[in-house]
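Take a look at the structure set out below.
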Amino acid sequence: MPESLRITVLGSGTSSGVPTIGCGCATCASTDPRDNRLRPSVLMQYANKNVLIDTTPDFRAQALRAHIARVDAILYTHAHADHILGLDDVRPLNYHQKMSIPAYGTVETFDIVRRIFRYAFDPEPSQSSAPRVDLNTITQQPFDLFGLRVIPIPLMHGHGLTLGFRFGNAAYLTDHSHIPEESKSLLQNLDVLFLDALRHRPHPTHSTVAQSLESVKQLEPRRAYFTHICHDLPHAETEAAFPPNVRLAYDGLELEVPL
Ligand SMILES: [Zn+2]
Ligand SMILES: [Zn+2]
Ligand SMILES: [Zn+2]
């Protein structure tokens, strides 16, 4: 069993990213680098393996910025555009690693991935290059990934379902508006918990700052980080109002978690 997990936040922003196209608000115009948020994704590193959660439309920029030279597995939370559209950019990794990359996600997620990236799964030979991933369907059952038990955490994202993932003492729960009771029992004794916290105003498919602060109270992780953040939340000012064990995630944040 690996001893520690390194988590790197590749993107802490909501679906449109921050700054947002055409917006001149204080957060979008901010010079604080923590207000610069690419689309939501994290890299989990353990046992000399790199496990990527989601392939955002910013994946290329994220991989270059974090010096990611290899990806051993991709875990998909769900198939919204801000979580899958960078899949094509794994092509250089396929080339360097000389292999197809294993991906894990639900049947529903992979139905959409196969439809949107049809050229990648078309059995007909093509003159163009395509990303190569092996789709491994997962359910809510825990599974082994490079010697660590990964626990999928079912979450409600409006009417839809997404998966969070628990790796040892850390859990990453992006896109959700509600954490079902059965899932809460899988989130006890956490050292680090990432939670969706889009903004203050209610949203049909996302948790708000107040809702996620409530989740922290209930689940009592040692440390919590909020992610999938929109431009309503300037980093410094928002975080100043949080209890000391709750922080806003930011791009480039790295955490070391004992397993
Ligand atoms: Zn999202
Ligand atoms: Zn803005
Ligand atoms: Zn979503």
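Just so we're clear, the structure is a prediction, and the values are computed from it rather than from any experiment. All ligand and atom numbering here is 1-based and tracks the order in the structure. The analysis underlying the following values was restricted to heavy atoms, covering all of them including side chains, and did not include hydrogens, waters or symmetry mates.
Nearby protein atoms of type N, O or S around the Zn ion (ligand 2) amount to 4 (distance under 2.8 Å).
Neither Val150 nor Leu135 shares a network with the other; the hydrophobic side chains, linked directly or stepwise wherever heavy atoms of I, L, V, M, F, W or Y lie under 4.5 Å apart, form separate groups for each. Linking Ile, Leu, Val, Met, Phe, Trp and Tyr whenever their side-chain heavy atoms come within less than 4.5 Å leaves Ile138 and Phe110 in two separate clusters.
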**Request:** Tell me, with the steps shown, if Arg60 and Asp58 meet salt bridge (charged side-chain N to carboxylate O under 4.0 Å, His left out).
**Result:** CA-CA 6 Å; Arg60 176 177 174 275; Asp58 296 317; over 6 Å; no
**Request:** Please test Ser30 against Asp35 for side-chain hydrogen bond (donor to acceptor under 3.5 Å, both in side chains), starting from the C-alpha separation and ending with a verdict.
**Result:** CA-CA 6 Å; Ser30 165; Asp35 286 323; 2.7 Å; yes
**Request:** Could you walk me through whether His157 and Asp196 pass side-chain hydrogen bond (donor to acceptor under 3.5 Å, both in side chains), step by step?
**Result:** CA-CA 10 Å; His157 185 23; Asp196 177 358; 5.4 Å; no
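The name of the N, O or S atom in His83 nearest to the Zn ion (ligand 1) is NE2. Here the N, O or S atom of Asp82 that is nearest to the Zn ion (ligand 1) is OD2.
Among His78, Arg39, His83, the single residue meeting the side-chain hydrogen bond (donor to acceptor under 3.5 Å, both in side chains) criterion with Asp54 is His83.
A side-chain donor-acceptor contact under 3.5 Å links Ser207 and Ser212.
Between NE2 of His157 and ND1 of His80, the angle at the Zn ion (ligand 3) works out to 100°, rounded to 10 degrees.
By the neighbour-count criterion of 12 heavy atoms within 6.0 Å, atom CG of Asp144 is densely surrounded, having more than that number from other residues, nucleotides or ligands.
None of the N, O or S atoms belonging to His78 lies under 2.8 Å away from the Zn ion (ligand 1). The nearest N, O or S atom of Asp175 is closer to the Zn ion (ligand 1) than 2.8 Å.
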